[in-house]
Amino acid sequence: MSYKHIKFPEGGERITIDGDNIKVPNNPYVGYVEGDGIGPDITNASLRIWNAAVEKAYNGEREIKWVETFLGEKAAGIYDGDYFPLETLEATKELIVNIKGPLTTPVGGGFRSLNVALRQDLDLYSCVRPVEHFPGVPSPVRKPEEVDVVIFRENSEDVYSGIEYQAGSEECDKVTQFLRDEMGAKFHDGSAIGIKPISEFGTKRLVRKAIRYAIENGRESVTLVHKGNIMKFTEGGFRNWGYEVARDEFAEFTITEDELYNEYGGKQPEGKVVIKDRIADIIFQLMLLRPAEFDVLATMNLNGDYLSDAIAAEVGGVGIAPGANIADHVAVFEATHGTAPKYAGQDKVNPGSLLFSGVMMLEYMGWKEASELIRAAYVQTLDDKIVTYDFARQMEGATEVSTSGFADAIIERINGDIDIEALRAQREKQLEQERKEREIKRLLQPLEEMVESGRMPHAVGDVMTRNIISIPSDTIVDDAMHKMREHKISSIVVEPSDASGEWGVMTRRDVLSRVVTANRSTSSVTVDEICSRPALTVTPETSLHDAADFLTKNNISRALVEQNGKIIGIASETDIFDAVETFGWIPE
């Protein structure tokens, strides 16, 4: 396509699509929009940093050929008042990879939000927001270094889909009448009406992208965020469809959180991503108290909007929070903050949000060496306390510099002596240590970990005692009692006495009713004579409701837990009671 104002520089090649991936040449065309307000300041600074990193990382063998496209106020000046020219839309699709500065969006009137227009017209259904803390960045929380999460927010549905009707309008009256007369709905007179569509198609393509990201980047888990406990068909549907994607399309690479505990005892298998879910309001608390538990979050539109900014506040604010809106292939990376017209043209503000959106862009292109250089140089610059005004006022002994001066400092360090391999190895070692620590807690304190991580118990495997104490069948009762007291347990598992393979259980009650009451000697009776055999068993997948029913009907207080012919634990009425007391009980 020929363009009126958009110019492609000489010597570049177009990025192409190759199956499910993009194919990036050494001299790719990449689109950029300067942005409004502070846009020119942060864009020019960021362009210089990106170019320096690419040149250093690849010894001049790669170069981005930048193609300026136009949106917002600059576009209006070039295209006779058109803030969203059609040729920019077409060029964005053709270029595939694009980045833009902040754009003006009037509140309550004026033209349609340019950001929303881009997302809708290009079907950029996935808003991706990585949030991590960099050493030296001021933070309002005590352990910001534990925050390292990537949020995949569905962009096209939910209450942001634009289906709403103003109170008192003819359209609203029609919808109101239909909902009341045809559907029996009850709500206050004079209500405005909004519709919340959540589809299987929209959910699955978003969750699919989140799971692929987790697999390709060695992430530990994907958490589905929802309010399915209240909105069972929309947000509950999001949860259920998310699990279906993992089960039907990624079974080789994923396990559920239930499987992690019930089948693997809390020890995460190599190469498996754990799929779990959390209630939306709980995840806000957990991202403050236990952020290290979460790697990738997949959310609907509204939840994701709140979460993205709230979590960004933990690591320094939206001023340094990157983001992108991505379709199947076309991607628009962007600054996530506003235009800040008060500071326009003053060469003053922090370019972090746009800068790190460009880091995301480089990673999307497969140019991770360049992205790592920028990260390392940024950390060194902050470590030297060279910062823009927003950080300078929060740091003692800081040297305040302009936007362009901050770019100069980062470029100087990019061109210095940065050992990327050593930094990468250090980071991987740290991540591995953190994962091992979480795994040990899951293995040793499953119920406590469940409480603290926001996970609700559903099955026997969630509450059973895994480290069972067993004894041979010919053990005398005296010795068995000593062992029970030593381990502070009220029952003990008895191993099979013959080839039948039948396990047994001896309880305190057995000792009282079958030894003491019968006036027998504890030193001459074996446990095989008084234990209950065969011990009744359940599977780790047995629901707590069914387990309670099983114990009640069989008039027993505990059952062994069997999996694939092996006894892996024991579950008692006390275990179920403790779980219900801790978490409450919602009827199935």
Side-chain angles (χ1 to χ4, degrees), residues 41-42 44-57 129-150 291-292 311-322 335-337 347-363 367-434:
D41 288 346
I42 63 174
N44 291 332
S46 297
L47 284 168
R48 291 171 51 217
I49 296 170
W50 300 329
N51 287 338
V54 169
E55 182 177 2
K56 176 66 180 295
R129 294 279 296 274
V131 187
E132 64 178 307
H133 182 257
F134 291 96
V137 174
S139 167
V141 298
R142 287 189 299 172
K143 294 183 178 180
E145 67 277 3
E146 293 186 358
V147 179
D148 184 5
V149 67
V150 182
I311 299 174
E314 297 180 37
V315 299
V318 295
I320 60 168
T336 58
H337 53 69
D347 192 25
K348 182 181 180 68
V349 299
N350 191 329
S353 178
L354 187 63
L355 174 64
F356 283 107
S357 295
V359 168
M360 286 179 67
M361 180 191 71
L362 292 169
E363 291 172 348
W367 292 12
K368 292 189 177 182
E369 297 83 0
S371 70
E372 289 177 333
L373 262 180
I374 295 173
R375 289 173 181 273
Y378 181 84
V379 170
Q380 284 190 2
T381 305
L382 261 62
D383 191 51
D384 293 335
K385 294 190 175 183
I386 300 173
V387 292
T388 48
Y389 82 99
D390 52 329
F391 286 175
R393 60 189 179 185
Q394 302 179 66
M395 298 169 62
E396 290 186 10
T399 299
E400 181 178 332
V401 294
S402 63
T403 309
S404 57
F406 188 61
D408 291 339
I410 292 177
I411 292 170
E412 179 182 347
R413 285 153 183 78
I414 286 174
N415 291 323
D417 187 18
I418 296 177
D419 189 342
I420 292 298
E421 291 297 331
L423 292 172
R424 186 183 297 150
Q426 180 182 359
R427 175 63 172 161
E428 289 175 355
K429 183 179 180 180
Q430 178 184 347
L431 287 174
E432 183 61 26
Q433 179 62 32
E434 291 170 356

Subject >> Those residues that, when tested against Val349, pass side-chain contact (heavy atoms from CB on, under 4.5 Å) (two or more places apart) >> reply: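 side-chain contact (heavy atoms from CB on, under 4.5 Å) list for Val349, sorted by chain: Ile38, Ile42, Tyr343, Tyr389, Thr403.
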Original post:
Excluding sequence neighbours, so at least two apart, what forms side-chain contact (heavy atoms from CB on, under 4.5 Å) with Ala407?
Top reply: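 Testing Ala407 for side-chain contact (heavy atoms from CB on, under 4.5 Å), a comparison that skips the adjacent residues, returns Ala45, Arg48, Ile49.
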Original post:
Going through the checks in order, is the side chain to side chain contact (heavy atoms under 4.5 Å, CB included) test met by Val137 and Leu382?
Top reply: CA-CA 7 Å; Val137 174; Leu382 261 62; 3.1 Å; yes
**OP:** Go through the steps to decide whether Ile311 and Val149 satisfy the test side chain to side chain contact (heavy atoms under 4.5 Å, CB included), and finish with yes or no.
**Re:** CA-CA 9 Å; Ile311 299 174; Val149 67; 4.1 Å; yes
Original post:
If you round to the nearest 0.5 Å, how far is OG of Ser46 from CG of Asn51?
Top reply: 10.5 Å
Original post:
For Ile374, which of Val379, Val359, Ile411 qualifies under side-chain contact (heavy atoms from CB on, under 4.5 Å)?
Top reply: Val359
**OP:** Take Val131 and Val150, measure what side chain to side chain contact (heavy atoms under 4.5 Å, CB included) needs, and give me the verdict at the end.
**Re:** CA-CA 6 Å; Val131 187; Val150 182; over 6 Å; no
Could you pull out the closest heavy-atom pair between [X] and [Y], with the gap in Å?
{"X": "Glu314", "Y": "Val141", "value": "O-CG2, 3.5 Å"}
{"X": "Gly405", "Y": "Ser402", "value": "N-OG, 2.9 Å"}
{"X": "Leu373", "Y": "Ala53", "value": "CD1-O, 3.7 Å"}
{"X": "Ser371", "Y": "Glu363", "value": "OG-CG, 3.4 Å"}
{"X": "Gln380", "Y": "Ile418", "value": "NE2-CG1, 3.8 Å"}
{"X": "Thr388", "Y": "Phe406", "value": "CG2-CB, 4.0 Å"}

Original post:
Counting only heavy atoms not in Glu400, do more than 12 fall under 6.0 Å of its CD?
Top reply: yes
Original post:
So, do Arg375 and Leu423 sit near enough that their side-chain heavy atoms are less than 4.5 Å apart?
Top reply: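 Heavy-atom side-chain distance check fails, nothing below 4.5 Å.
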**OP:** Please tell me if the side chains of Pro138 and Met395 come closer than 4.5 Å, counting only heavy atoms from C-beta onward.
**Re:** yes
Subject >> Pair Glu434, Gln430: side-chain N/O donor-acceptor within cut-off below 3.5 Å >> reply: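 Result is yes, a qualifying pair exists.
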Original post:
Is any NZ, NE, NH1 or NH2 atom of the basic residue among Glu369 and Lys56 found under 4.0 Å from an Asp or Glu carboxylate oxygen of the other?
Top reply: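 Looking at Glu369 and Lys56, the cut-off is not met.
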Using modelled atom types and a 3.5 Å cut-off, is there a donor and acceptor pairing between side-chain atoms of [X] and backbone atoms of [Y]?
{"X": "Asp41", "Y": "Asp347", "answer": "yes"}
{"X": "Arg129", "Y": "Pro322", "answer": "yes"}
{"X": "Asn350", "Y": "Gly352", "answer": "yes"}
{"X": "Lys385", "Y": "Glu396", "answer": "yes"}
{"X": "Trp50", "Y": "Leu355", "answer": "yes"}
{"X": "Ser353", "Y": "Ala321", "answer": "yes"}

Subject >> Steps toward side chain to side chain contact (heavy atoms under 4.5 Å, CB included) verdict (Ile386, Arg413) >> reply: CA-CA 12 Å; Ile386 300 173; Arg413 285 153 183 78; 3.3 Å; yes
Subject >> Proximity of Phe356 and Phe134 rings by center, below 6.0 Å >> reply: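 Yes, the ring centres sit under 6.0 Å apart.
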